[in-house]
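Data block below; observations after.
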Amino acid sequence: MSYQVLARKWRPTDFSEVVGQEHVVKALSNALDQNKIHQAYVLSGTRGVGKTTIARILSKSLNCEKGLDSKPCHECPTCISISEGSFMDFQEIDAASSRGVDDTKQLLETVMYMPSSSRYKVYLLDEVHMLSPQSFNMLLKTLEEPPEHVIFILATTLPEKIPATVLSRCLQFNLKNLTPTQLSGRLRVILKDEGISFDEGSISQITRAGRGSLRDCLTITDQAIAYCNSELTDSRISEMLGTLTFDHVNELLNSIVSHDAKALLEQLNEISQLSIDYLRLMDLLLETIQYLAIAQISPESLLDIDARKEEIILLSNLLTLEEVQILYQIGLLAKRDMDLAPNIASGFEMALLRMLAFVPKNKEIDIPKKKPNKSITASKEQVEESLATDLEDKSAFKNHRIKKDMESKETNLLNPEPELVKEDSPENESSIVNIKLDRSSWNDTFKLLDLDLGTKQLASHCSFVRTDDSIIYLSMPEEKLDLFSGKHRQRLQESVSNFLGSECNLFFESGEGPHISPNTIKTAERNKIKNDAEKAIKEDPNVKILLDSLGGKVVDSSIEPWNSE
């Protein structure tokens with residue numbers, strides 16, 4: 001057969017070519033260079049991450065004719081025969097097909113013989129967890145005290161099935177799944193060397209489908225080269241894999257967020273005409289919703305994701321934290337129940353319609369004011385620059401908040417202040433001068449603010465501190481302040497300004513504050529109502545008669561007042 005598949009053609013021949021397993025490579029290289037070789041190794045990890053490859057490189061390094069070193073020469077007969085799989089002193093044994101006691105006994109009989117023409121005899125037991133318990137017991141003594149010329153390498157995808165008595169006699173290395181960045185970088189190198197044209201969308205889809213396995217990625221790439229006639233494109237790879245591109249998924253989410261039922265049904269109808277793997281499509285949808293949650297909490301983390309970052313940021317600004325969590329939970333439960341639907345396509349469609357039903361219908365979408373539409377086509381460099389600017393702004397704001405906190409220590413925060421007063425001046429009707437708030441004014445004002453549920457819930461933890469001309473200082477617990485993003489702060493400031501009729505500025509300080517917050521007051525009121533209800537139940541004469549006659553007792557957690565929220 002003249003054609004060699006990519007997974008075999010591009011198998012690493014040296015530790016320097018191994019991708020994503022630096023922790024294993026470093027340990028083995030140092031051991032080889034210092035001539036501190038262990039008698040047995042366990043290499044564990046999922047398929048296609050380099051277990052057999054590392055075992056072959058280790059065997060080559062141990063037996064290279066130019067000396068024991070972490071960098072074999074690749075030129076001597078020993079290195080060449082190991083690469084070709086014909087070296088007599090390196091035996092690869094499939095433990096799944098040779099798992100019985102007789103097979104293990106036959107193996108151990110050959111261990112005592114000296115190597116034919118090399119330093120070490122290396123035994124690679126692949127899928128070693130498939131050995132029977134009796135076979136493992138037979139191996140124990142040999143693994144603990146093997147002849148000096150023998151080295152065992154045990155490879156497995158399920159290390160938890162290997163007895164602890166075996167693991168205690170070996171050095172264990174857990175090989176990690178490769179990240180999308182590592183996979184895409186390796187694919188670009190291979191495709192360029194092979195002379196295959198590709199775009200970034202096609203690379204992204206292949207790395208997602210590979211799920212951390214380089215061999216799976218290369219196998220899918222072989223299929224893609226044949227399907228796309230050596231011209232890999234985003235749309236053609238989607239057809240081959242039976243899924244959609246990120247652009248289509250973003251359109252589905254945009255229809256849900258904007259509550260455009262007609263557009264959503266049209267898109268679902270178009271999808272039904274394609275040969276789509278709905279379970280994989282649901283995975284892609286859930287992955288995108290997860291990116292929305294990341295964008296709301298930590299936008300700087302989007303630099304490492306494999307998606308259109310600018311569109312993710314725009315969509316995340318149209319949803320609250322709670323709405324993103326609801327969408328994710330709906331999709332997660334729908335994926336579990338899709339097989340129970342009349343057909344899997346209808347199960348997927350109902351999941352998206354359910355998402356549509358749980359998104360508020362009358363959402364105020366004002367994001368284009370803050371982020372122009374041209375950002376949809378912004379380059380990667382522009383998005384990264386924008387994210388970096390956001391981080392600088394956040395740092396500057398934090399420093400400003402600390403500075404204000406130090407200044408506030410020089411003033412007396414406990415001075416009594418008058419009720420809410422707005423000075424009406426013909427000269428400055430558009431601004432607030434000397435806003436005066438006290439504890440009761442802030443809590444009463446907060447109840448009347450027009451806020452969405454997510455912002456109102458977070459802002460209810462704010463405590464009033466003081467005012468300084470048109471600036472209102474509020475304090476908030478640090479863990480809540482970290483979640484109170486710029487979007488929520490802007491909404492609160494706009495709502496306070498609208499309520500007062502003029503523009504004001506809000507500054508937030510970390511801490512519980514000298515006064516209690518609306519959330520604290522509400523919690524205290526709720527606890528008082530519950531305590532009164534418990535007291536009323538326990539003092540009710542009819543309840544006492546029932547308890548005395550039946551020998552029962554009142555469970556406090558079961559009492560719920562009628563007027564509780």
Side-chain angles (χ1 to χ4, degrees), residues 4-30 41 43-58 70-71 155-157 159 172-225 232-234 237-238 240-241 243 245-246 280 283-284 286-288 290-291 294 298 300-309 312 380-381 383-384 387:
Q4 191 175 24
V5 298
L6 295 177
R8 294 185 59 189
K9 182 178 180 180
W10 289 89
R11 183 192 291 270
T13 58
D14 192 278
F15 282 130
S16 61
E17 299 176 4
V18 177
V19 179
Q21 310 300 342
E22 291 78 9
H23 62 297
V24 179
V25 169
K26 183 177 181 180
L28 294 178
S29 298
N30 291 339
Y41 300 89
L43 302 178
S44 60
T46 187
R47 74 271 179 272
V49 294
K51 298 186 296 295
T52 304
T53 295
I54 290 177
R56 290 183 179 181
I57 297 174
L58 177 59
S70 60
K71 298 179 180 179
T156 178
T157 55
Q172 186 175 0
F173 295 101
N174 297 311
L175 277 67
K176 301 179 292 186
N177 283 0
L178 275 68
T179 65
T181 302
Q182 293 168 337
L183 290 173
S184 58
R186 184 63 174 167
L187 278 181
R188 290 189 189 96
V189 171
I190 293 174
L191 290 174
K192 288 179 181 178
D193 192 88
E194 293 288 329
I196 306 298
S197 65
F198 61 91
D199 58 21
E200 290 303 316
S202 62
I203 294 292
S204 298
Q205 292 213 57
I206 292 174
T207 54
R208 286 198 305 273
R211 295 183 180 275
S213 168
L214 182 55
R215 185 174 63 222
D216 285 6
C217 283
L218 294 179
T219 302
I220 295 170
T221 303
D222 267 321
Q223 181 182 351
I225 291 173
L232 308 187
T233 62
D234 194 12
I237 298 298
S238 296
M240 183 191 76
L241 295 176
T243 185
T245 63
F246 264 123
R280 180 173 290 181
D283 287 339
L284 193 58
L286 289 171
E287 184 180 350
T288 307
Q290 180 183 356
Y291 290 157
I294 294 173
S298 178
E300 61 272 16
S301 300
L302 292 177
L303 293 174
D304 298 326
I305 73 169
D306 193 13
R308 294 184 181 273
K309 303 170 183 62
I312 295 295
K380 178 180 178 181
E381 291 76 10
V383 175
E384 293 179 353
L387 291 175

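Residues: numbered from 1 along the sequence shown. Please read all numbers here as calculations on a predicted model, not as lab measurements.
Side chain of E17 to backbone of T13: a donor-acceptor contact under 3.5 angstrom is found. Judged by distance alone, the side chain of T207 and the main-chain N or O of I203 form a donor-acceptor pair under 3.5 Å.
Residues L232 and D199 form no side-chain contact, since every pair of their non-hydrogen atoms from C-beta on lies 4.5 Å or further apart. Side chains of T179 and Q182 form a contact here, defined as non-hydrogen atoms less than 4.5 Å apart. By the 4.5 Å heavy-atom criterion applied to side chains, T233 and S202 are not counted as neighbours. Taking 4.5 Å as the limit, some side-chain heavy atom of M240 sits within range of a side-chain heavy atom of I220. Looking at heavy atoms from C-beta onward, F173 lies in side-chain contact with L28 at the 4.5 angstrom threshold.
Taking CZ of R215 as the start and CZ of R8 as the end, the distance is 12.0 Å to the nearest 0.5 Å. Going from atom CD1 of I237 over to atom CD of Q205 covers 7.0 Å, rounded to the nearest 0.5 Å. Distance check: Q223 CD to L6 CG gives 12.5 Å after rounding to the nearest 0.5 Å. Between the OG atom in S213 and the CG atom in L178 there is a gap of 8.0 Å [rounded to 0.5 Å]. With values rounded to the nearest 0.5 angstrom, L218 atom CG is found 4.5 Å from I190 atom CD1. The distance from the CZ atom of F198 to the OG1 atom of T221 is 10.5 Å, given to the nearest 0.5 Å.
What you find for A55 and L43 is that their closest heavy atoms are N-CD1, 4.2 Å. Closest non-hydrogen pair, L241 versus A209, comes out as CD1-CB, 4.1 Å. Closest heavy-atom contact between L175 and K51: CD2-N, 3.7 Å. Of all heavy-atom pairs between S29 and F15, the closest is OG-CD1, 3.8 Å. The shortest non-hydrogen separation linking R47 to G210 is NH2-O, 3.9 Å. Summarising the geometry of G201 relative to D234, their closest heavy-atom pair is O-OD1, 3.5 Å, with the distance given to 0.1 Å.
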**Message:** Let's go through R211 and D216 carefully: what are the C-alpha distance in whole Å and the side-chain angles of both, what is the deciding distance for salt bridge (charged side-chain N to carboxylate O under 4.0 Å, His left out) to 0.1 Å, and is it a yes or a no?
**Reply:** CA-CA 8 Å; R211 295 183 180 275; D216 285 6; over 6 Å; no
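Contact check on D14 versus K71 returns no salt bridge, with no Lys/Arg side-chain nitrogen under 4.0 Å from an Asp/Glu carboxylate oxygen.
Here salt bridge (Lys or Arg N to Asp or Glu O under 4.0 Å) pairs that include residues 180-196, with residues two or more places apart or in two chains, are K9-E194, R188-E200.
Judged purely by distance below 3.5 Å, without hydrogens or angles, the side chains of N174 and S44 pair a donor atom with an acceptor atom.
For R280, there are no salt bridge (Lys or Arg N to Asp or Glu O under 4.0 Å) partners two or more places apart in sequence or in a different chain.
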